[in-house]
Amino acid sequence: MASYALPLHQHGKSKVRLGRVWRDGNVHHMVEWNVNTMIESDMEHAFIKGENTGMTATDTQKNTVYVVAQRMSQKCTVEQFAVALAQHFVLTYPLVSKSKIYIEQKPWNRVQQGGLPHDHGYALAGTEVRTVYVTYDKAGKLDVTAGLKELSLLKTTQSGYEGFLRDEYTLLPDSNDRIMASTVTCTWKYTNQPACYDAAFAAAKAGLLDAFLGPAKGGVYSPSVQYTLYNMAKNLLDRVPQAESVFLNMPNIHFIPCNPVGSKFNNDVYVATSEPHGNIEAVITRKGMMPHAKL
Ligand SMILES: O=c1[nH]c(=O)c2[nH]c(=O)[nH]c2[nH]1
C-alpha cells in the first residue's frame, strides 16, 4: 500500500480589494489596498478525508478584511492594518497556527491645487503618459494633436448620480455622495501651434484637474462623469487658446459601498473594483470647429 504525507498546506483569499476613507471634517484620508490572506491551520482532515469541520473559509477571510478595515477607526498605515488582520485570524480561531498577510497599497497621493493640499482629491503617482500624434502632408499641412493618458484621479466626495431612468432593470440607487475615480485619456488638436508646447500641456492638464477636483478647499460637485467630462474639456479650451477640439475618455471606476458582516456602511469601507467599469467619452469643440479623430 502506498502511503502519503502532507507536509505543507494553507489556504487564503487573494486580491481582496478595498478602499478605506477616514473623514476628518472636510479633510478626507483615503487608501486603496489589495489584500492577500493565507492561514496555516490544523486542517489535514480537509485534505485527507474531505471533512471541512473547523475550517475558516476563504470567504470568511475575505469578509474579515472588510470588517477589520472598518474597525480601524483611526487613520492607519498599511502595516498597522496588516498586523491587526494577521492577529485577528490567530487570536480568533484555535485551529489557526499562523497567518500571513500580504498587501499592496496603490500610490494614491493627495493632489496639491494652487500650492494647497486638496481636501479630498487624489492622483495616482507616476502613471500619466504624455502623448502626441502628428501628421504632415505634401501640401505642407501640419496637424499636431497633443494629449495624455493614464491620468488616474479620484475624489472621496463631491460626486453623485441621481435622476437617471428607472425601470425593471435598474438596481442602482440614487446617490449624492460617492467616490468618483477615473483614468483619463485626453487629446486636443491645435489649430495654431502654441509658442511653447510644454506650457500649453501644463495649462491643459491644470484645466482638466481643476474641473475634476475643484478648489483645494471644498472641491466642486459633480452630478455625473458626463458633466465633469464636459467641464474638463471646456476648461481645457479656455486655457489653451490654440486648441480647437478635445477628445476625452473617462472610465467610471467604481468603489462600491461595503456593508461589512455584522455592521453597515458608514461612508468608510468600499469594495475597490476595476471591472466592470462605466465608460464615458465625448468630443468637445469650439463652435463651428471640426471634431478631431485619429485617422
Ligand atoms: O456619472 C455616472 N454616469 C453614468 O452614466 C453612470 N451610470 C452608472 O451606473 N453610474 C453612472 N455614473
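Remember, it's a predicted structure, so these values are computed and weren't measured experimentally. All ligand and atom numbering here is 1-based and tracks the order in the structure.
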### Query
Centroid-to-centroid, H11 to H9, below 6.0 Å?
no
### Task
Using distance alone, determine whether N252 and ligand 1 share an N or O pair under 3.5 Å.
yes
### Query
Would E104 and N34 count as having a side-chain donor-acceptor pair, cut-off 3.5 Å?
no
#### Entry: Proximal atoms of ligand 1 relative to S224 (non-hydrogen, under 4.0 Å)
1 (O)
### Message
Counting C-beta onward and ignoring hydrogens, is there a side-chain heavy-atom pair between N36 and I103 closer than 4.5 Å?
### Response
no
### Query
Regarding R20 and the six-membered ring of Y270, is the cationic atom NZ or CZ under 6.0 Å from the ring centre and inside 45° of its axis?
no
### Under 3.5 Å: N/O of R178 near N/O of ligand 1
yes
### Query
Side chain, backbone, both or neither: which part of M180 has a heavy atom under 4.0 Å from ligand 1?
neither
### Query
Applying the 4.5 Å side-chain criterion to the ILVMFWY set and letting contacts propagate, would F81 and I39 be lumped into a single cluster?
yes
### Query
By number and element, which atoms of ligand 1 are closer than 4.0 Å to a non-hydrogen atom of V225?
1 (O), 2 (C)
### Nearest neighbour in protein (non-hydrogen) for atom 6 (C) of ligand 1
Y161 CZ, 3.2 Å
### Message
Could you identify the single nearest non-hydrogen protein atom to atom 9 (O) of ligand 1 and state the distance to 0.1 Å?
### Response
L172 CD2, 3.4 Å
### Message
Less than 4.0 angstrom from a charged side-chain N to a carboxylate O is my criterion; do R286 and D238 meet it?
### Response
no
### Message
Please list the nearest protein heavy atom to atom 3 (N) of ligand 1 with its residue and the distance rounded to 0.1 Å.
### Response
Q226 OE1, 2.8 Å
